[in-house]
Amino acid sequence: MSKRAFITVSLGLALTMAAGFFGYASFLRVSYRADSALGHLRRAEATVKQSPADLLKRDALDRAIADLAAAEASLASIKREPLLSLVGLVGWVPRWGAEARAVVDLLDVALDTASAGRLAGEGLKPIVEAASGQTFALFGDSGFDTGLMGAMKVGKPSFEAAASKSEKARQRLKSVKAAEPTGALADGVKRLEALLPSLQAVVELGRAAPELTASLLGIDKPRRYLIISQNSEELRATGGFIAGVWLLGLAGGKIAELDFKDSSDVDDLSKRYPPPPPAVSKYMWGGVWLFRDANWSPDFPTSARYIEDFYKLGQDVSVDGVVAVDQQMLESVLSLTGPIFIREFQELVDAGNVVDKMVRTPGAVGPRGLEQTRAKKLFMAALFQELLLRIQSGLDADTAVKLGGLIAQAWEEKHLLMHFNDPTVQGLLHRSQRDGAIRPSEGDFLMVVDSNVAYRKLNARISASIRYDVSLGKDGTAQAKVVLNYKNNSTERINECLQDTLRGAAYEQWREGCYWDYVRVYVPKGAKLLQSSHIPMPKGSFWLRLGKAAAEDGAMLASPEGGKDVFDAFFDLAPGASREVSFSYGLPSLALGGARANRYELLVQKQPGTPGIPVRVGVSLPPGAKIVSAEPTPLKTGAGHVEFQADLTRDLKFVIAYLVE
């Protein structure tokens, strides 16, 4: 070997050894700092999840901010390590390059997330200081605290900076997911993906808080809202039959107006009302479209506009938004506030008996001699009034935060729906997917919407389940089948099912008997119905009993809505009976391409007002396909087949990544 060659080789070996030494040292520093950052992030997350009320205390908030700042510093120092530069240099390697780049990108996501959390904490600080030692008394005689409003404005720039960071994190996370990472990297993606939506919702709320508060509480100008009471025992598209409505007027953060009406008292039948949707006409024998049926669409923004329009038509009152609640929401609020005494009825109402008290008002609760409809109106009005008085009297910090968490959960589980005409407020609801709309979906979609058209309060007696099976082709198209099972657990003995009304009957009678259901199944646009259950028009239906021809049984009344196609069916169900309703259909291409694998996504949207209906999903992959990953954890997997089982307490998303040979 020549002297020159020897020197060259020796220098190369020396440089390699030095690079190995410094690379190992860099690796140790990265590992230490990564562990430190993870520890700080977990402590901050634990503070928020385990005791959110503590964040309204200065010392606890300071600790959370300090943990996030420490995590931010550790992550930033990792970014400066030479080892990260070496990782970035292998990005061109065919097999490992995408995952190597994903490591760097995921670090950026974690850094931006920690920064967003710290900035959100800084934005919350002035609000915490202003609220320190206070009780929270919404709608009180003095109106909304001006000090809190000023604190919201002081914190807004920090929330805006946090919004920028969280949006960067969201965008970068997309590129990480596109690499289809595995192992610990995939676990990191899942953790951040679960955290970011909540963080973004908090940040968006913080940055818009001054404007939202001024608008919602009528501080900038008087506002009027409709609060709709939906009875989920008579299930309708947005959660239940509209039993009653409160008109709530706010001005300067104070209640300026409060009026309750039974839904049947809203309409002014001297006015001209529009014809009802075809299904209402055919399956409920409705001649005109009235206020009580205004929530026929499962897309809440659509139903809310009809509710506003019908209220305007019947009462000549324009409103600024609609809030809908059901019995479960009322039970949850009472579980937090504690029992409420209704003076007019001399009754103590709590979470355990409120539904029973409401439905039994005419006989068991109403004052002597009081006509039953009038008794119900007075009871509902008095209950809401007492709840407002409890909130007006002031809530301590812990109870206020728990109430906020309760509202957030009810919102998530669709027992609370909101729509506002203020574009800032509604825009926030829309971006956070909390507006109750039929949701857009990137891949497959399913939403089952039942409407009780029995004129009875039977849904507490009905058990239901959903089975969905889909077979994917190599070209991404699919064949799907949804099977709906229902059982009527009513024990009333009958000779035949007759669709009728029970005028003057006691409420318990309304909870028994035949169930009449109009079901709509929302599926992706372009779906082609191949086969469905043949269900003749029931003999006891209004349609046949009042002289219409049975030949029109098969008419499909459902029109596309919310960017989805819709299949429907109408059936009766006698006490003790069960029924299966199924639809088989072809789907357009559902395969979503990735860096290394195809991806199938299914969004199952929950109908408001329903309990956790069991859902089982089976996905058969194309022949020869291999499963890369599946979320959430499957019930079971086989050769090219994945099974999921879940309760539909909130919207569900199923994702499978797979390779096709």
Side-chain angles (χ1 to χ4, degrees), residues 228-245 262-267 269 273 275-296 303 310 326-327 355 358-363 372-373 376-377 380 449-462 464 486 488-520 535 537-548 557 568-575 577 579 607 609-610:
I228 302 297
S229 169
Q230 298 190 124
N231 187 344
S232 57
E233 291 191 349
E234 187 175 352
L235 187 62
R236 294 292 171 86
T238 68
F241 174 76
I242 299 176
V245 54
D262 187 274
S263 59
S264 61
D265 292 336
V266 171
D267 301 303
L269 297 181
Y273 279 76
V280 173
S281 177
K282 185 170 185 178
Y283 301 133
M284 295 182 68
W285 206 247
V288 293
W289 197 3
L290 301 176
F291 178 82
R292 61 175 180 253
D293 296 319
N295 61 340
W296 190 254
S303 280
F310 285 135
D326 62 14
Q327 295 100 310
V355 173
M358 286 194 304
V359 301
R360 292 177 183 269
T361 296
Q372 64 174 29
T373 303
K376 179 184 174 184
K377 292 177 187 177
M380 296 286 284
V449 179
D450 292 293
S451 293
N452 177 345
V453 293
Y455 292 93
R456 293 173 186 251
K457 318 300 181 183
L458 267 167
N459 282 92
R461 302 285 196 268
I462 306 300
Y486 301 88
N488 184 349
N489 298 301
S490 169
T491 57
E492 183 181 43
R493 294 184 178 182
I494 61 166
N495 295 320
E496 62 176 331
C497 281
L498 296 176
Q499 192 179 15
D500 57 8
T501 59
L502 292 175
R503 299 185 184 279
Y507 195 91
E508 274 306 314
Q509 291 178 264
W510 295 6
R511 285 176 154 175
E512 299 289 343
C514 286
Y515 182 56
W516 295 77
D517 189 27
Y518 173 63
V519 59
R520 286 167 281 180
I535 304 175
M537 179 67 74
K539 293 180 180 179
S541 66
F542 284 133
W543 185 259
L544 292 186
R545 286 166 52 218
L546 297 175
K548 294 295 182 179
L557 298 178
D568 66 354
F570 173 61
F571 61 90
D572 63 344
L573 193 60
R579 181 181 288 276
Q607 179 182 1
T610 56

Compare all side-chain heavy atoms of [X] with those of [Y] and state whether any distance is below 4.5 angstrom.
X: Trp285; Y: Ser541; result: no
X: Ser451; Y: Arg520; result: yes
X: Leu269; Y: Leu290; result: yes
X: Arg579; Y: Asp517; result: no

How far does [atom1] of [X] sit from [atom2] of [Y], to the nearest 0.5 angstrom?
X: Arg456; Y: Glu234; atom1: CZ; atom2: CD; result: 11.0 Å
X: Ser490; Y: Arg511; atom1: OG; atom2: CZ; result: 12.0 Å
X: Cys514; Y: Glu496; atom1: SG; atom2: CD; result: 9.0 Å
X: Leu235; Y: Tyr515; atom1: CG; atom2: OH; result: 6.0 Å
X: Asn231; Y: Ser263; atom1: CG; atom2: OG; result: 10.0 Å
X: Phe241; Y: Ser232; atom1: CZ; atom2: OG; result: 13.0 Å

Return the minimal non-hydrogen interatomic distance between [X] and [Y], and the atom names on each side.
X: Tyr273; Y: Val288; value: CB-CB, 4.2 Å
X: Phe310; Y: Val266; value: O-CG1, 4.3 Å
X: Ile535; Y: Phe571; value: CG2-CB, 3.9 Å
X: Asp262; Y: Ala243; value: OD2-O, 3.6 Å
X: Glu233; Y: Asn452; value: O-ND2, 3.7 Å
X: Pro276; Y: Trp289; value: CA-CB, 3.6 Å

Let me see the working for Arg292 and Arg236 under side chain to side chain contact (heavy atoms under 4.5 Å, CB included), right down to the final yes or no. CA-CA 11 Å; Arg292 61 175 180 253; Arg236 294 292 171 86; over 6 Å; no

Ignoring hydrogens and geometry, is there a side-chain-to-backbone donor-acceptor pair from Gln499 to Trp543 under 3.5 Å?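 Answer holds: no.
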
Test your reading of the model: is there a side-chain donor-acceptor pair from Tyr455 to the backbone of Met284, 3.5 Å cut-off? yes

Please determine, by modelled atom types, if Tyr518 and Asp568 share a side-chain donor-acceptor pair under 3.5 angstrom.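 A pair is found: one side chain offers a donor N or O, the other an acceptor, under 3.5 Å apart.
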
With side-chain contact (heavy atoms from CB on, under 4.5 Å) as the test, pick out the partner of Glu512 among Thr491, Ile494, Asn488.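 It is Thr491; the other options fail the test.
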
Taking the ring centre of each residue, are Trp516 and Tyr283 less than 6.0 Å apart? no

All side-chain hydrogen bond (donor to acceptor under 3.5 Å, both in side chains) counterparts of Tyr486, not counting sequence neighbours: Asp450

